[in-house]
Chemist: 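Below is the structure I would like to discuss, written out as structure tokens.
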There are 4 protein chains.
Amino acid sequence: MRIVSAPVRSLRSDAARNRESLLAAADAEFAEHGLEASVADIARRAGVAKGTVFRHFATKEELIAAVVATYVTTLRDTARDLLDAEEPGAALLEFLTVAADQRQQRDITLLMTASAGDSNVARLRDELHAGIGSLVDRARDCGAVRKDITGTDVFLLMCAPVHAVEYSSDPSPDLWRRYLAIIFDGLRAEGAHPLPQPPPTWP
Amino acid sequence: MRIVSAPVRSLRSDAARNRESLLAAADAEFAEHGLEASVADIARRAGVAKGTVFRHFATKEELIAAVVATYVTTLRDTARDLLDAEEPGAALLEFLTVAADQRQQRDITLLMTASAGDSNVARLRDELHAGIGSLVDRARDCGAVRKDITGTDVFLLMCAPVHAVEYSSDPSPDLWRRYLAIIFDGLRAEGAHPLPQPPPTWP
Amino acid sequence: MRIVSAPVRSLRSDAARNRESLLAAADAEFAEHGLEASVADIARRAGVAKGTVFRHFATKEELIAAVVATYVTTLRDTARDLLDAEEPGAALLEFLTVAADQRQQRDITLLMTASAGDSNVARLRDELHAGIGSLVDRARDCGAVRKDITGTDVFLLMCAPVHAVEYSSDPSPDLWRRYLAIIFDGLRAEGAHPLPQPPPTWP
Amino acid sequence: MRIVSAPVRSLRSDAARNRESLLAAADAEFAEHGLEASVADIARRAGVAKGTVFRHFATKEELIAAVVATYVTTLRDTARDLLDAEEPGAALLEFLTVAADQRQQRDITLLMTASAGDSNVARLRDELHAGIGSLVDRARDCGAVRKDITGTDVFLLMCAPVHAVEYSSDPSPDLWRRYLAIIFDGLRAEGAHPLPQPPPTWP
DNA sequence: AATGAATGAGGCTTCATTCAT
DNA sequence: TATGAATGAAGCCTCATTCAT
């Protein structure tokens, strides 16, 4: 067994480092300027030439999808990990907290909408949806949330706390926790009023 | 009164009609394509030349702000009207229903963010905020909503039901009512848990 | 009848002048650099901004097709005019002379290939083909060209004299006449040998 | 003879094989996409990395010239071989047939124009020109072609049959033989009309 | 006051070429 | 020597805005 493998890896690690830089830069630029962030600015921020962006991501769309994929992957993994938690209600709240915290730093709604057509993102989103569904099922079974709530409901409400805060011009960094608490109170069994519409179906 | 005034008036009414056409066209185009809707398309839809857009609105930003202003004005008036309602709790729910219904048809979050710097929009928003504050005060006073909720909270949560629905790929037209009901349940006094963060201050 | 029509026309004449400048500039640039001539260079040569090119021609392809159309139109008209000539053989030779002379100044083979998909160019080409067909029919009927020649043959050979000259590095300006004469000798009835392949059909 | 030579040799033969692969790939790509064929596609088709292309050919121009050289070399050799043929007229026709057949498969006009400045191609072209000159001299001496024709004339007309066919949208594979026959009839002594221009001089 | 032609900056993407490994 | 990642110039096209008519 020789150390020859080291240089081979280093070649790739250069490219991998650039890829990471690009994802980070894209993440930051999209956070600051939305989808209109230019590829040129992303490249500059990543410290690479414009052409390098397209070596890693064939189109801007693909770059957006790659950024989104990192977020959705993290969320999916979080949901899966929490399936082993002892208290289903606390697990669901924890998931929503992590989800909002992540999104607090970056509003990925736009990005997610833009990459709806990406098959990888679609798969990850389905997996995330499934994970949330399981969390909700467990929480519902033990009475931690109201009976008439589905995983899809929670999936759709996941980002609400952050969106609420976005309307504020200069919010305190943890303000979203306030709105998560309010919305979670709305999900609880106690004091629940009948809902006027049936839950949506997952496509 | 001279005859000259006749053509002047007709010109003015022409201009006024153009302005209305432009606002309607801009509203529709922004609804379909978001902020990227082009001035050229808006002009075409309004049936006027591109140059005419800029005679009425010096920049695209100003046009966006004008569209936003129509929405915020309507909401402000709705809030004010509901101050005379007999049941404060029902009045607040009605306001949130109207707000969500209006936004259901047009996602103006983007527009609103884009026109945050417009002084007219800022004024209208402040007035809307004040109206919501009064609605909430009345509802809180009679126990229809929890004690620890402020008008600013409701202002920020106002759009949450619509945003939740936006994540859905093919929502039923009234799905937002489901999420408004859930969130409103979270605002009720009944079954409220303590909130982890203090309410935000209005700038 | 008022002179009001004058200013209206002048508006258009400004645009029309730009359109003509653009066609001339494009013609020249394509002649010098082939299809790789850049839109920016064409705009510069025409003395207009880049954006103006796209106001007149939505895509570069459309511009190419417009240039080609001017040539094909001229040729079609030439063919039609010569249908009234007294001597069919001389008329056909005259047509080929005009065709080669026009192409001597600009090699439009590439352009024509590039704009094969343009419907206007296709129509003009069909009309040109029909005109050449009539010229050839008349010439054949009076024995000026060999019996086994069709209009499509002449259409395809039309550019051969110019192409031959293009291989020469520094040809005299009228050298193409030499090759037209040789090829036309090949089209004559006198001394014709049987042809190994049937004539092509027009699509 | 040392063992070291083995890897060295194998490296060389590898390089030679790569060179051949590249020429074949370039030939095919240029045939399919013209001069715009990308170096990346050529490398991929040859099964080597992009960098390897530039190890063998310093620039894309050089690669084009190398492809052209293979064609011109073949033609030159064909011309030289046919100098020993018994029937000068048939030999000239055979040469033109081979030339057109070769070009039928690949349109190298563009390539040839692009590599006009390459000294190797220039030398080969001169040798080809000389060979054609000898073929024409012999044919002229025995009356197989008209008196006023030179080798340069035939050199320039060599590609005409193929070019004629290129205008056709869907030609039969042997259509060029028809136009070669017509043009060759124009080169014959019988029925020749005086030519309006003197023959070109070879640079 | 309206028109629509012109402007030109800026966006995404391609590609020949260079260079570190 | 081969690789393929990186470069950056250049290309086509869009669009908010200006201006002559």
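Reminder, nothing fancy here: chain letters follow the sequence lines and each chain counts from 1.
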Chemist: For B/Thr52, give me all partners under side chain to side chain contact (heavy atoms under 4.5 Å, CB included), at least two apart in sequence or on another chain.
Modeler: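 Scan of B/Thr52 (side chain to side chain contact (heavy atoms under 4.5 Å, CB included), adjacent residues dropped) gives B/Asn18, B/Val48, B/Ala49, B/His56.
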
Chemist: For F/dA2, take OP1 and OP2 only and decide whether either is under 4.0 Å from a side-chain N or O of D/Asn18.
Modeler: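 Answer is yes, contact under 4.0 Å.
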
Chemist: Can you figure out which of F/dG4, E/dT18, F/dT14 approaches the side chain of C/Phe54 most closely?
Modeler: F/dT14

Chemist: Under 3.5 Å for both distances, Watson-Crick or G-U wobble, that's the pair rule; now give the dot-bracket for DNA chain E, with | marking pairs to another strand and [ ] for crossing ones.
Modeler: .||||||||||||||||||||

Chemist: So which one's nearest nucleotide on DNA chain E is more toward 5', B/Val48 or A/Glu61?
Modeler: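 In this pair, the answer is B/Val48.
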
Chemist: Contact list please: residues 23-34 of chain D against DNA chain E, heavy atoms, distance less than 4.0 Å, in numerical order.
Modeler: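 Those residues: none at all.
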
Chemist: Identify all pairs in which a protein N or O lies below 3.5 Å from an N or O of nucleotides 9-11 of chain F, and state each distance.
Modeler:
from	atom 1	to	atom 2	distance (Å)
F/dA10	N6	A/Lys50	NZ	3.4

Chemist: Check whether any side-chain nitrogen or oxygen of B/His56 sits under 4.0 Å from OP1 or OP2 of E/dA2, and answer yes or no.
Modeler: yes

Chemist: Do the side-chain N or O atoms of A/Thr52 get closer than 4.0 angstrom to the phosphate oxygens (OP1, OP2) of F/dA5?
Modeler: no

Chemist: Going by the salt bridge (Lys or Arg N to Asp or Glu O under 4.0 Å) test, which pairs reach into residues 45-58 of chain B, not counting sequence neighbours?
Modeler: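 Residue pairs passing salt bridge (Lys or Arg N to Asp or Glu O under 4.0 Å), neighbours aside: B/Glu29-B/Arg45, B/Glu32-B/Arg45.
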
Chemist: Sequence neighbours excluded, which residues qualify as side chain to side chain contact (heavy atoms under 4.5 Å, CB included) partners of D/Ala65?
Modeler: D/Ser115, D/Asp118, D/Val121

Chemist: For A/Phe57, check side chain to side chain contact (heavy atoms under 4.5 Å, CB included) against everything at least two apart and list the hits.
Modeler: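 With sequence neighbours excluded, A/Phe57 shows a side chain to side chain contact (heavy atoms under 4.5 Å, CB included) to A/Arg19, A/Leu22, A/Leu23, A/Glu62, A/Leu63, A/Ala66, given in chain and number order.
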
Chemist: I'd like to check the side chain to side chain contact (heavy atoms under 4.5 Å, CB included) partners of C/Arg125; sequence neighbours left out, ordered by chain and number.
Modeler: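 With sequence neighbours excluded, C/Arg125 shows a side chain to side chain contact (heavy atoms under 4.5 Å, CB included) to C/Met112, C/Phe155, C/Trp202, given in chain and number order.
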
Chemist: Sequence neighbours excluded, which residues qualify as side chain to side chain donor-acceptor pair (under 3.5 Å) partners of B/Glu166?
Modeler: B/His163

Chemist: Checking B/Arg123 now: which residues fulfil salt bridge (Lys or Arg N to Asp or Glu O under 4.0 Å) with it, not counting sequence neighbours?
Modeler: B/Glu127

Chemist: May I have the step-by-step check of side chain to side chain contact (heavy atoms under 4.5 Å, CB included) for D/Asn120 and D/Leu124, ending in yes or no?
Modeler: CA-CA 6 Å; D/Asn120 185 42; D/Leu124 288 166; 3.9 Å; yes

Chemist: My understanding is that only residues two or more places apart in sequence, or in another chain, count here; which of them pass salt bridge (Lys or Arg N to Asp or Glu O under 4.0 Å) with A/Glu36?
Modeler: none

